[in-house]
Amino acid sequence: MTVCDKVWVDLGARSYEVRIGQGLLTRAGAEIAPLLKRRRVAVISDETVSALHLEALRDGLGDIAVTALALPPGEATKGWPEFSRAVEWLLAEKVERRDIVIALGGGVIGDLVGFAASVLRRGVRFVQIPTSLLAQVDSSVGGKTGINSAHGKNLIGAFHQPSLVLADIDVLDTLPARDLLAGYGEVVKYGLLGDATFFDWLERDGPSLARGNKAARQLAVTHSVTMKARIVECDETEEGERALLNLGHTFCHALESATGYSTRLLHGEGVAIGCALAFELSQRLGLCSQEAPSRVRAHLKAMGMKCDLADIPGDLPDADGLIRLMGQDKKVVDGKLRFILARAIGEAFVADGVDMAVVRNLLTESLAQR
Ligand code: GLY
């Protein structure tokens with residue numbers, strides 16, 4: 001008998017459960033059926049995930065009729081053209097207001113499909129079936145949906161909570177090692193932002209998780225989702241505390257923009273580098289000990305992850321260029337950047353009024369090491 005952990009995201013009328021366990025895809029019909037008003041679902045995936053998992057999902061859905069669309073894989077999909085294609089397809093498939101749309105895929109698919117569901121007929125319900133570690137621990141939970149703009153990442157979107165999240169630990173077996181480790185960047189983020197004991201555990205058991213230990217994967221996903229659920233419950237629309245979940249993301253979004261949202265830098269890799277930079281910045285501002293950034297980088301290195309600007313292939317803009325790219329961050333208030341900094345591992349906070357000369361020096365020195 002496999003374990004299925006259940007995390008309730010308590011948001012009043014928008015509450016839902018995140019189920020985490022093995023074999024969820026193969027019993028998707030039983031999991032989703034209570035939500036259905038008619039036995040029909042529309043599934044949107046990408047071509048890679050669809051080839052790997054759509055048949056298993058169809059089998060798991062049993063006699064529930066399935067109509068499916070596969071979009072191209074990759075971050076470039078997360079823009080107006082594929083978004084519009086998805087919405088028009090849902091309309092052509094006559095998906096009605098009371099129907100359920102399923103997002104089967106990683107963060108790109110979850111964000112795009114969630115946004116499509118939020119605007120379709122002024123809002124239909126959707127189920128997230130996240131297939132990447134990154135999507136299981138972060139993007140499938142909390143209702144942030146959206147697409148990218150030429151002006152920056154995730155700048156067009158809506159808060160639209162899913163009705164259910166099914167995180168099947170087994171599907172992580174099919175992830176390329178690079179994608180799994182990129183998702184691990186978001187797992188580390190949870191330890192760094194609010195739970196030093198979890199970070200201790202990751203230092204010890206992260207390598208076993210990466211090698212495929214299912215119990216370690218289940219624990220890491222459940223713990224991350226529980227932390228995220230508690231934060232989202234307090235601050236669904238990111239007026240305050242939820243911004244902590246953006247630890248590492250101010251740097252990350254600038255780096256992703258600088259690398260053209262390409263495979264030069266995956267989102268989770270950017271988060272890992274961004275977390276290392278945020279801790280280094282905290283130390284330079286006298287907020288945390290020298291030991292903290294060293295420990296962060298040592299763990300990322302031990303996991304074989306990118307942790308420095310030097311680990312990003314190809315050219316990057318100079319420090320001022322990167323700071324300009326940070327200017328489109330959604331946390332900008334009155335044109336001023338807000339950073340997530342830390343007093344120690346597990347003690348992050350939102351910081352206004354950071355001395356940009358220190359940021360510039362940090363970036364200049366990090367770029368010089370390339
Ligand atoms: N990924 C950050 C958030 O959901 O708030």
Side-chain angles (χ1 to χ4, degrees), residues 2-7 18 20-22 130 132-139 141 167-231 244-245 247-249 252 266-280 282-283 288-308 311 340-349:
T2 58
V3 179
C4 179
D5 291 317
K6 294 179 178 171
V7 180
V18 183
I20 303 138
Q22 292 177 241
S132 67
L133 181 58
L134 184 141
Q136 292 194 353
V137 298
D138 191 61
S139 59
V141 179
D168 187 334
I169 295 298
D170 288 334
V171 303
L172 301 178
D173 291 344
T174 61
L175 282 181
R178 185 178 174 195
D179 289 333
L180 185 94
L181 280 184
Y184 185 80
E186 294 276 7
V187 177
V188 171
K189 179 192 82 176
Y190 287 101
L192 296 178
L193 76 88
D195 190 341
T197 309
F198 184 49
F199 186 76
D200 294 343
W201 181 82
L202 291 172
E203 284 182 317
R204 200 180 56 245
D205 287 341
S208 149
L209 179 160
R211 282 195 300 272
N213 181 320
K214 298 251 166 132
R217 288 179 176 189
Q218 171 116 2
L219 191 151
V221 175
T222 301
H223 192 82
S224 303
V225 167
T226 305
M227 283 185 72
K228 178 153 190 181
R230 299 297 85 88
I231 292 174
L244 295 178
L245 294 169
L247 177 63
H249 284 63
C252 168
L266 304 180
H267 175 67
E269 294 172 335
V271 171
I273 295 172
C275 285
L277 286 169
F279 269 78
E280 182 65 33
S282 303
Q283 190 272 321
C288 71
S289 69
Q290 175 64 59
E291 192 217 344
S294 305
R295 239 182 110 188
V296 174
R297 292 180 69 255
H299 179 54
L300 297 175
K301 266 193 194 310
M303 292 295 293
M305 296 169 69
K306 291 183 168 58
C307 59
D308 289 313
D311 298 328
I340 312 303
L341 300 177
R343 294 192 182 88
I345 285 175
E347 289 180 37
F349 66 99

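In what follows, residues are counted from 1 in the order of the sequence shown.
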Which atom pairs, donor and acceptor, lie under 3.5 Å between side-chain atoms of residues 299-307 and protein residues at least two apart or in another chain?
from: H299; atom 1: NE2; to: Y184; atom 2: OH; distance (Å): 2.7
from: K306; atom 1: NZ; to: E269; atom 2: OE2; distance (Å): 3.4

Within-4.5 Å side-chain heavy-atom neighbours: C275 and C252: no
Those residues at least two apart in sequence (or on a different chain) that pass side-chain contact (heavy atoms from CB on, under 4.5 Å) with R295 are F199, D200, E203, E291, I345
Those residues at least two apart in sequence (or on a different chain) that pass side-chain hydrogen bond (donor to acceptor under 3.5 Å, both in side chains) with N213 are S208
Nearest heavy-atom approach of D179 to L175 is CB-CD2, 4.3 Å
Interatomic distance, CG@L247 vs CZ@F279, rounded to 0.5 Å, equals 6.0 Å
Rounded to the nearest 0.5 Å, the CZ atom of R297 sits from the CG atom of D308 at a distance of 4.0 Å
The side-chain contact (heavy atoms from CB on, under 4.5 Å) partners of T222 (sequence neighbours excluded) come to D5, V7, I20, Q218, T226
Contacts of E280 meeting salt bridge (charged side-chain N to carboxylate O under 4.0 Å, His left out) (sequence neighbours excluded), chain-then-number -> R284
Distance col, row L202:CG vs H223:NE2, nearest 0.5 angstrom, shows 8.5 Å
The side-chain hydrogen bond (donor to acceptor under 3.5 Å, both in side chains) partners of Q283 (sequence neighbours excluded) come to Q290
To the nearest 0.5 Å, atom CZ of F198 lies from atom CG of D205 at 10.0 Å
Rounding to 0.5 Å, atoms CG (L193) and CD1 (I340) come to a distance of 9.0 Å
For T174, the side-chain hydrogen bond (donor to acceptor under 3.5 Å, both in side chains) test, sequence neighbours excluded, returns H53
request  = Tell me, yes or no, whether the heavy-atom count around R230 atom CZ, taken from other residues, nucleotides or ligands under 6.0 Å, exceeds 12.
outcome  = yes
Taking every heavy atom of E186 against every heavy atom of V137, the minimum-distance pair comes out as CB-CG2, 3.8 Å
**OP:** Before giving the answer on side-chain contact (heavy atoms from CB on, under 4.5 Å), spell out for L245 and M227 the whole-Å C-alpha distance, their side-chain angles and the decisive distance to 0.1 Å.
**Re:** CA-CA 10 Å; L245 294 169; M227 283 185 72; over 6 Å; no
For the side chain of K228 and the backbone of V141, is there at least one donor-acceptor N/O pair under 3.5 Å apart? yes
Residues passing the side-chain hydrogen bond (donor to acceptor under 3.5 Å, both in side chains) test with D168, sequence neighbours excluded, are none
Those residues at least two apart in sequence (or on a different chain) that pass side-chain contact (heavy atoms from CB on, under 4.5 Å) with Q22 are T2, I169, D170, K214
Rounded to the nearest 0.5 Å, the OG atom of S132 sits from the CG atom of L172 at a distance of 8.0 Å
Residues passing the side-chain contact (heavy atoms from CB on, under 4.5 Å) test with S139, sequence neighbours excluded, are D111, L134, A135
Closest non-hydrogen contact found for V271 with G185 is CG1-O, 3.9 Å
